[in-house]
Amino acid sequence: MEYFLNTARQLSEYRAVAAAGGTGMPVMVTGLSHIHKAHFLAALSMEEGYRLPLIVICDTEGEGARLCADINTMTGEETAFAYPAKDMILGDVDAVSREYEHRRIGILSRMVSGRAKIVCATPEAASQITIPRRILNKRTLSVKAGDSISLPEMTAALVEAGYSRCDQIEGVSQFSVRGAILDVYPVNFGMPVRIELWGDDVDSVSVFSLEDQRRIDTIKQVDIAPALETLFLDTEQIAGKLKELLPKVRGKKAAEVKQRIQNDLANAEAGAGCANTDRYLPICYDEEETLF
């Protein structure tokens, strides 16, 4: 893969971009075809000392996905990731797809750990509010063989991180407990993970197949990122935030909005939480953070 880097370095324009990008300042490059954009970006990701991760603004999500695919082909590894925009569900619905939300969290997790060198996003996706880095770090659970953990505390932490408990996991953001075995499918991991305990000690961590539930291979460690971008600490925090919000509602539809908030408040005070927290993302955290 050094070939692509050495070829790019022969161009004075590339060397200027590499020098400017090392300062962390935004850079705009014009006059490149799609494949040459990918070449420049792949080379920049291999430059020693270049400030990473590199955020690339694309016109469309399709363009970003193609760019990531070409970059990864040139680098020979998963270097670039397409960060999607999230469909904000503001109304009352019975079921919500979290696919894009899980992809966003997975990429944010990779950025924090240094495993994402390039992130391609549309202006919409890059400017959307998301889970703050501080909360992402706090709610990420790291488990490796030899650790000592409390299974009840671990399951409680998974619920607080937005995971759903079930008898047998069938998809992402679910977990199950069978005796001393904890199965979980992290949103930032490509396969479900099985954590086997001996008492309070982690005996092994492995990946397994959803189809037949059989273990495939052992791994050294798993980092389990939270499953939701909107994470209230508990139902008391939700209730408190909603009570603060009620007197601030204004406008033609104030009565309708207040009724919706009061319904969510009643559910929260009853211990049922809030079925759809997307509409409360702006008041969930003390800080507002985006991909930037």
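Everything numeric here is computed off the predicted structure, so don't read it as measured data. Heavy-atom basis, side chains included; hydrogens, waters and symmetry copies ignored.
- Between the OH atom of Tyr14 and the CG atom of Leu32 there is a distance of 12.0 Å, given to the nearest 0.5 Å.
- Side-chain heavy atoms closer than 4.5 Å link hydrophobic residues (I, L, V, M, F, W, Y) into clusters, and following such links, even through other members, never connects Ile216 to Ile181.
- The main-chain N or O of Ala225 is found under 3.5 Å from a side-chain atom of Asn188 such that the two form a donor-acceptor pair.
- Judged by distance alone, the side chain of Arg104 and the main-chain N or O of Pro84 form a donor-acceptor pair under 3.5 Å.
- Across Arg165, Arg215, Arg178, a single residue satisfies salt bridge (charged side-chain N to carboxylate O under 4.0 Å, His left out) together with Asp183, and that is Arg178.
- At a cut-off of 3.5 Å, with distance as the only test, a side-chain donor of Thr130 or Glu229 sits close to an acceptor on the other residue.
- Contact of the Pro123 side chain with the Ile57 side chain is registered, since non-hydrogen atoms from C-beta on lie closer than 4.5 Å.
- Thr75 and Glu77 share no donor-acceptor pair across their side chains, judged by distance under 3.5 Å alone.
- Tyr83 and Gln128 share no side-chain donor-acceptor pair at under 3.5 Å.
- A distance-only check finds a donor-acceptor pair linking the side chain of Asp147 to the backbone of Lys144 [under 3.5 Å].
- Side-chain atoms of Leu182 and Leu197, non-hydrogen and from C-beta on, never get closer than 4.5 Å to each other.
- Between Arg134 and Glu289 there is no salt bridge, since no side-chain nitrogen of the basic residue lies less than 4.0 Å from a carboxylate oxygen of the acidic one.
- Residues forming a ring-ring contact (aromatic ring centres under 6.0 Å, His included) with Tyr285 (at least two apart in sequence, or on another chain): none.
- By the ring-ring contact (aromatic ring centres under 6.0 Å, His included) test, Phe189 is found to be paired with no residue, residues two or more places apart in sequence or in another chain being considered.
- Annotation for His36: atom NE2 does not count as buried by contact number, only 12 or fewer foreign heavy atoms lying within 6.0 Å.
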